[in-house]
Amino acid sequence: MSNRVCIKKGLLTLMGAKFVGKQGHPTRFSMCLRSKTTSAQYVATRFRDPTFEKLMDNYKNLVKVIAVQDLILANPKNPSVSIDFLSKLSQKLHLNRGATAFLRKFPHIFHIYYDPSKLKPFCRLTDAALDVSRQEAVAINASLPDVVGRLVRILSMSASRMVPLRAVFKVWKELGLPDDFEDSVISANSGVFQLFEAHEPNTHLLKLVDGACNNGFRAAVEDWRVVECCKEDCSVDRMEMQFNFKQGYPPGMRLTKNFKAKVKEWQRLPYVGPYEVVGEKKKSKAGMMAFEKRAVSIVHEFLSLTVEKMVEVEKISQFRNWFGIDLNIRDLFLDHPGIFYLSTKGKRHTVFLREAYERGCLIEPNPIYDARRRLLDLVVLGRRGLPAVNSKFQDTSGCNETGQEENQQSHDSLPS
């Protein structure tokens with residue numbers, strides 16, 4: 001047997017899980033020593049969930065669309081951008097076949113036109129895309145009180161009650177923050193937040209003002225436990241439930257008795273919650289496992305605070321040291337496939353909170369998510385619903401009005 005096959009058998013699943021191959025024959029995998037494998041190998045051999053992978057196939061195009069859209073909207077007086085300018089940024093924006101080819105893939109979002117005064121082609125957003133942008137802006141402004149609460153919770157998970165401002169900049173869209181959140185959220189709530197310079201040059205720290213921290217926060221997983229305990233058909237002992245996390249696995253991932261036993265043992269482990277003050281880390285096996293479980297609770301809570309219950313691993317890693325997580329976060333996600341799902345589509349590692357999704361959609365959507373989902377619908381729609389375009393820069397704005405029937409068509413092509 002080749003080394004490649006041995007590595008794959010050792011890494012593909014955790015703690016004795018079974019995987020059904022293309023021929024349908026279950027293969028049993030033994031535990032492997034993680035210290036003998038690289039993180040890249042561990043990621044490459046994880047179990048894939050087809051629903052999340054299909055969703056990320058569309059999201060990787062959405063990320064590029066949003067990057068171009070932000071450039072267009074950067075000039076509010078004349079929301080447009082020249083094709084020449086986009087062509088120079090093609091490599092940075094990962095527009096592999098060039099800017100023009102990319103824009104033409106999404107005529108429901110982008111409209112290419114020729115400006116006679118400047119003697120070159122430009123691009124602007126269609127009416128449908130502008131409507132989605134306005135809907136998202138209205139939803140964000142309406143959620144400003146919630147945004148303040150999210151920031152307070154994130155700072156409360158840090159032992160020092162502060163995080164670098166650059167880390168917040170990394171996740172401002174994920175948290176549903178407005179573009180000018182430094183003024184509209186931080187400066188406008190000076191009684192809650194404080195900005196001051198760090199020891200590093202050009203680095204600012206965002207800190208909770210003394211007395212602004214609420215130690216009575218209850219994590220999202222605790223709300224789930226309360227709901228589960230109140231169910232009449234709850235089969236789990238209520239004493240055990242106080243430390244449990246919701247687990248869910250994709251179709252095809254059959255679990256062995258050994259795997260189930262280890263998960264059950266891990267579920268029973270007591271730990272310190274994400275908002276509680278943690279003591280000195282114990283070097284015993286039980287102490288290390290409790291520390292690792294607290295790390296799971298922190299990233300679980302962080303994902304629960306995001307608008308779409310998903311975030312890039314590189315972005316959440318910016319908070320790792322400030323949250324006191326002395327572990328590889330990416331491996332933490334892979335070690336708990338029943339709680340998180342890690343995707344590598346679009347040349348980026350994105351983690352989802354598995355329990356928040358059903359058939360590729362949020363179970364409990366919010367107005368900001370709804371607006372972004374509408375934009376995703378337009379991305380998935382592609383060139384469908386439009387007549388053939390013969391002219392190179394023909395005005396197709398009249399064709400870009402998408403009706404209910406086209407939106408329904410785009411929803412049907414999404415994971416369901």
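It should be emphasised that the depicted structure is a prediction, and the values quoted were computed from it without experimental measurement.
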**Request:** Flag the pair Phe181 / Phe169 as yes when their ring centroid distance falls below 6.0 Å, and as no otherwise.
**Result:** yes
**Asked** Between Phe333 and Tyr42, does the ring centre distance come in under 6.0 Å?
**Response** no
**Request:** Would you please say whether a donor-acceptor pair under 3.5 Å links the side chains of Tyr357 and Glu308?
**Result:** no
**Test item: side-chain donor near acceptor, Glu53 and Tyr341, under 3.5 Å** = yes
**Prompt:** In terms of side-chain heavy atoms, does Glu292 have a donor or acceptor partner in His336 at a distance below 3.5 Å?
**Reply:** yes
**Prompt:** Would the Phe319 and Phe302 ring centres measure less than 6.0 Å apart?
**Reply:** yes
**Message:** Cation-pi check for Phe52 against Arg354: NZ or CZ below 6.0 Å from the six-membered ring centre and within 45 degrees of the axis, yes or no?
**Reply:** no
**Note, Arg374 side chain near Asp370 side chain (heavy atom, < 4.5 Å)** = no
**Prompt:** Would you say Ser87's side chain and Ala99's backbone share a donor-acceptor pair under 3.5 angstrom?
**Reply:** no
**Prompt:** Any donor and acceptor pair, going by atom type alone, linking the side chain of Lys120 with main-chain N or O of Tyr114 inside 3.5 Å?
**Reply:** no
**Message:** For Phe245 and His300, I'd like to know if the aromatic rings sit close, meaning centre-to-centre distance below 6.0 Å.
**Reply:** yes
**Prompt:** Is the backbone of Ser117 close enough, under 3.5 Å, to the side chain of Asp115 for a donor and an acceptor to pair up by distance?
**Reply:** yes
**Prompt:** Less than 4.5 Å apart, any side-chain heavy atom of Arg46 and any of Arg48?
**Reply:** yes
**Request:** Would you confirm whether Arg153, through its side chain, and Leu305, through its main-chain N or O, come within 3.5 Å as a donor-acceptor pair?
**Result:** no
**Prompt:** Are side-chain heavy atoms of Thr306 and Arg150 found at a separation under 4.5 Å?
**Reply:** no
